[in-house]
Amino acid sequence: MNNFLFVAAENDAIPDCKAGGMGDVVRDVPRQISAMGDKVHVVVPSYGRLHQGGTFKTHLNFPLRGTTYTADFYEVIPKKEFKNVHHYVIHHPEIEEGDIAHIYHNDPTEPFYTDAIKYFIFCTAVAEALKKEAFGKLDVVHMHDWHSSLVLFLKKYHPSYSSLKKMRYVYSIHNLAIQGIRPFEDNYSSLSTWFPEINYDEKALMDYRYRDCINLMAVGIRLADAVHTVSPSYKEDVLKPSSPPEFIGGEGLETDLIKAENEGRLFGILNGCNYNNVRVADTGKLYRNTVKALFRWLQEESKKYKADFLAHTGEKVMEYVANHPKFIVSSVARLTEQKFYFFKRSPEAFEQLLQKLEAVGGIFMLLGTGAPEYEALFRDMSYAHRNFIFTNGQSEDLIDSIYLESDLYFMPSLFEPCGISQMLAMRNGNPCLVHHTGGLTDTVAHMKTGFAFDGDTYDEKIRNMLSSFDMALDVFQNDKKKWKQIQTAAKKKRFTWEKSVSKYYEQLYLL
């Protein structure tokens, strides 16, 4: 039996530990590894809350900042039990929850300042747990995004953790654009402040643009035994330099990725989707679940500042309880530049979409939270357009209803390493309209399982987005047979974890 460890910032196998798609992957891959007969441990930070109700296992003592830190190691109960899958959290008072999904901090004036500190502590505690064999004798350590890559730095440079070199290390890139860049020195949130006793090679760790800084995403790419992008097309994208906004590629790290490719260490394997034991939403609950979520949020202290808008949304929804719209377009996503850059830069294009919908008795439903400027944009749009319902919060029941009852799922991502939303929508027989980039290229086929747009210039992309939207509306209204074929083909597509994890074994784990 092989023994694996997953190290990540998110894990949706335990309650309240997800901000994005990484949480889904860290939940689902261990379950599939278990189904293949192997053992998996998953460890994430406690964020000051996830250890509550867990079982204390041991204290972890390790050197940091010229002193000795002590963190507590807990095993926690997952949402669902799976054989040979164990979930842990590491608790320390300085590993605090942030304002983004109660996980990450948003430090607008000095990016990654707070998050770097908590992941410095977390990763060093993980290294100590590895040293103590708290997870048993491991074969593979699988790390996810920059939050976990410091384990590789400690393995290579810290004399106390040389024993970590006996395992194989795999590094998955979920979002290359978020790189964890911090100064080497002269800052409290710097490498030298937290690791004053380590002699390291700055050239091997530095960011190419900010040479006085460590780039923790680059550390993962440079030091891992295998590097993994979460779709084949995204792997091809990141080998090329970015030219925003027309093309988002390697984001300054294409040289490292090309080197990994030439060394046979870079692999593109598509994320899977869960098709078993799926939460099943009840048909006809879309508006009820919307109002239910709105009333719950109105009672939350943290939502008081947008109570007026939540009430406005509820009033709009009630109009459709008795008079159902003829066509529902939806999106569920974090409100960020990655997901909605086209709407932020070209709000007039979004207004044209809403006008096209109004002409056919349709509505656009958007659910999500995120960057303040994007929330403000969509709140303004909601006040201006009666057929745009912006639900500014998070609700699992409502999300399930949106995927079930929408007619068209819209995903105009500027870039997309893989994407899970389009898979969930397709699982429900919901055709998607997507920007053909990254994993969206690998999952949605134009006029076969959905609709797609692209273009060589930004203006061309916007024109093609509107044209593809017109095409989808036209097929829905005037070619019911074709629409049914697209729905059926979308629902039949299977992006299984069984297939993906088999490739993990062959290409990443070498087991």
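Keep in mind that the numbers below use all heavy atoms, side chains included, and drop hydrogens, waters and symmetry copies.
- Under the side-chain hydrogen bond (donor to acceptor under 3.5 Å, both in side chains) criterion, E128 pairs with Y161, not counting sequence neighbours.
- Judged purely by atom type and a 3.5 angstrom limit, T124 uses its side chain to pair as donor or acceptor with the backbone of F120.
- The side chain to side chain contact (heavy atoms under 4.5 Å, CB included) search around S500 returns I269, W497, not counting sequence neighbours.
- Listed by chain and number, the residues in a side-chain hydrogen bond (donor to acceptor under 3.5 Å, both in side chains) with N3 are H41 (sequence neighbours excluded).
- With E185 contributing its side chain and S190 its backbone, the two residues share no donor-acceptor pair below 3.5 Å.
- H105 has its ring centre no less than 6.0 Å from the ring centre of Y113.
- The salt bridge (charged side-chain N to carboxylate O under 4.0 Å, His left out) check on D24 picks up K18, R27, with sequence neighbours excluded.
- The ring-ring contact (aromatic ring centres under 6.0 Å, His included) search around Y509 returns F4, H142, Y504, Y505, not counting sequence neighbours.
- Every residue two or more places apart in sequence or in another chain was checked for a side-chain hydrogen bond (donor to acceptor under 3.5 Å, both in side chains) with R296, and none qualifies.
- F73 pairs by the ring-ring contact (aromatic ring centres under 6.0 Å, His included) definition with Y88, F135, not counting sequence neighbours.
- Taking the centre of each ring, Y200 and F184 come in below the 6.0 Å mark.
- Side chain of E405 to backbone of K285: a donor-acceptor contact under 3.5 angstrom is found.
- Annotation: ring-ring contact (aromatic ring centres under 6.0 Å, His included) contacts of Y69 (sequence neighbours excluded): H92, W194.
- Between the side chain of R265 and the main chain of N262, no donor-acceptor pair closer than 3.5 Å is present.
- Residues passing the salt bridge (charged side-chain N to carboxylate O under 4.0 Å, His left out) test with E251: none are found, sequence neighbours excluded.
- Judged purely by distance below 3.5 Å, without hydrogens or angles, the side chains of S172 and H228 pair a donor atom with an acceptor atom.
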Donor-acceptor list for residues 418-425 side chains, cut-off 3.5 Å, not counting sequence neighbours:
residue, atom, partner, partner atom, Å
S421, OG, Y403, OH, 3.2
S421, OG, Y409, OH, 3.4
Q422, OE1, I420, N, 3.4
Q422, NE2, C418, O, 3.1
Q422, NE2, G419, O, 3.3
Q422, NE2, T443, OG1, 3.1

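- In this structure, F6 has its ring center under 6.0 Å from that of H144.
- Between E254 and Y208, the side chains place no donor N or O within less than 3.5 Å of an acceptor N or O (distance only, hydrogens not considered).
- A donor-acceptor pair shorter than 3.5 Å can be found between the side chains of T114 and D107.
- A heavy-atom distance below 4.5 Å is not found between the side chains of D72 and H51.
- Partners of Y374 according to the ring-ring contact (aromatic ring centres under 6.0 Å, His included) rule, which considers only residues two or more places apart in sequence or in another chain, do not exist here.
- Between F195 and Y157, a ring centre-to-centre spacing not shorter than 6.0 Å is recorded.
- A cation-pi geometry, defined here as NZ or CZ lying under 6.0 Å from the six-membered ring centre and within 45° of its normal, does not hold between K503 and F267.
- Legend: residues meeting side-chain hydrogen bond (donor to acceptor under 3.5 Å, both in side chains) with S233, ordered by chain and number and at least two apart, are D442.
- Between I198 and F153, the closest side-chain pair of non-hydrogen atoms falls below 4.5 Å.
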